[in-house]
Amino acid sequence: MKVKYFAWVRERVGKAEETIEPPATVHTVAELIAWLSSRSEAYAYAFEKPKVIRAAIDRAHVKSDATITGAREIAFFPPMTGG
Amino acid sequence: MKVKYFAWVRERVGKAEETIEPPATVHTVAELIAWLSSRSEAYAYAFEKPKVIRAAIDRAHVKSDATITGAREIAFFPPMTGG
Amino acid sequence: MASPVTCSVTIRIQEDDFDIAREIALLTKSRTDIGAVVSFSGICRADEDSANIAALTLEHYPDMAEEEIRRHVDEAISRWPLNGVTVIHRVGRFMPGDNIVLVLTASQHRQAAFLAAEFLMDYLKTSAPFWKKEESEAGTGWVEAQARDDEAAARWTRS
Amino acid sequence: MASPVTCSVTIRIQEDDFDIAREIALLTKSRTDIGAVVSFSGICRADEDSANIAALTLEHYPDMAEEEIRRHVDEAISRWPLNGVTVIHRVGRFMPGDNIVLVLTASQHRQAAFLAAEFLMDYLKTSAPFWKKEESEAGTGWVEAQARDDEAAARWTRS
């Protein structure tokens, strides 16, 4: 699946998007964040406060307990500050 | 004192303004309306529903019990419908 | 200490149309302390209470109208931190689609700008000495004041 | 029977500046059923929390941003009788005084236009995927979300 990062999540991870293949044990957004955090210090830094991170699956806001099954595109970003 | 009429009050009275000298027994806006109403059918028609009529003394809204003593300009008009 | 907000005020009663972009530019020009500008324009509609409006005539009490608007602008400035307020009310005869009134408010934050614009419009409707006369299929007559406008204005009353 | 309100919708995310007068003209042109137009423009300020802002960069999630705005415009149309809605959000790098966002709402009556514009702005602030980065004397950093914006958005929640 494709993962996108925005704002300071993107800066900390060090890339804007990538394609990942999480193990089958990763079912939810929260589990995906935990798995990504285990990959490197950069990810661990980006997701150090998981409660602050917002997520979207296929361009719609989701909560951290949302399932990632069937997702084509998952995005992670800080709280929005537009307008 | 000068009296001004606006909107349908003006149309019913038949003039936009005039100078009047009410008797010394007329102290309040309500008494002035009663005195004007007694002058002719046109005035009586204009002021037939005195509760609907709004008044201003020297360009500030007043209630019907306001004193007219010292007033230079009194205006009568229906509820406002601007904006 | 924050420097006090300076609020520029423009009030005009005129027959001519207004240009919203020009008025906004005048209000915001060479200032960088404004974060939010709200504009309200009131337009002559063709359909009022299902009658077909052909034209609308606005009559006013010239001197009092400007004083009354100024009192309410001052009140708005005392309630919200505003950087600028513009009120333009047209008078004369209007066709459907014509502009009638413009209220512009500028502030650092959007809530103040929105609230001040609503406050000013509610008071213009119920308290500024303007009167509308409609020409429609059903004849010509003075517009009656709406209870909903009085209710809208009443919500700003401070006890 | 009153004919159903038709609401024209324009949503754009762009680097270029917008022209409020042009957008209002597009929304109201050759219509005579609109009585009220509210515009909100959000402008880059020089002073945010007493730091001196030199520039602001707006980043966004392109596809989601437009979909998210459209969802909220549809929600606004379902809540209030609107004749037209325009939302333009700029992205890129801005200087103090530059326009950032425009929300236009048109309706028969002013209350619907005001409420819909406030609703859309509250949701743009908290729910549309845009992020601001500030360059100031104190350095460069991402703007933090404001609790007051979440509170403003929460008042529209229907139980």
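The figures here come from the full heavy-atom set of this structure, side chains too, leaving out hydrogens, waters and symmetry mates. Chain letters run A, B, ... following the sequence lines, proteins first, then strands; residues in each count from 1. Keep in mind it's a predicted model, so treat the numbers as computed, not measured.
Salt bridge status for A/K2 with A/E17: present, with a side-chain N to carboxylate O gap under 4.0 Å. The pair D/D17-D/R90 counts as a salt bridge, with a side-chain nitrogen and a carboxylate oxygen less than 4.0 angstrom apart. A salt bridge links A/E18 with A/K15: the closest approach of a Lys/Arg side-chain nitrogen to an acidic carboxylate oxygen falls below 4.0 angstrom. Taking the charged nitrogens against the carboxylate oxygens, D/E135 and D/R93 do have a contact shorter than 4.0 Å, which makes a salt bridge. In this structure, D/E66 does not pair ionically with D/R71, as no charged nitrogen and carboxylate oxygen lie closer than 4.0 Å. Taking the charged nitrogens against the carboxylate oxygens, D/D150 and D/K125 have no contact shorter than 4.0 Å, which rules out a salt bridge.
Ranked by heavy-atom pairs shorter than 4.5 Å toward chain A, the options D/F40, D/F130, D/W142 are led by D/W142. Residue with the most contacts toward chain A among D/T126, D/D149, D/D63, D/L58: D/D63 (heavy-atom pairs, distance under 4.5 Å).
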**Message:** Does D/W131 form a ring pair (Phe, Tyr, Trp, His ring centres under 6.0 Å) with D/Y61? I'd like the steps, not just the answer.
**Reply:** CA-CA 9 Å; D/W131 300 273; D/Y61 182 175; 7.4 Å; no
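Residues of residues 64-83 of chain A lying under 4.5 angstrom from chain D, judged on non-hydrogen atoms, are A/E73, A/A75, A/F77, A/P78, A/P79, A/M80, A/T81, A/G82, A/G83 in numerical order. Along residues 31-53 of chain A, no residue comes nearer than 4.5 angstrom to chain D, judged on non-hydrogen atoms.
Between D/P81 and D/A112, the shortest heavy-atom distance links the atoms CD-CB, 4.0 Å. D/A106 and D/L27 make their closest contact through CB-CD2, 4.0 Å (heavy atoms, listed as atom of the first residue, atom of the second, distance).
Residues D/E68 and D/S127 bring a donor and an acceptor atom of their side chains to less than 3.5 Å of each other.
Between the side chain of D/R45 and the backbone N or O of D/D47 there is at least one donor-acceptor pair closer than 3.5 Å.
Contact annotation for D/K132: both backbone and side-chain heavy atoms come within less than 4.5 Å of a heavy atom of chain A.
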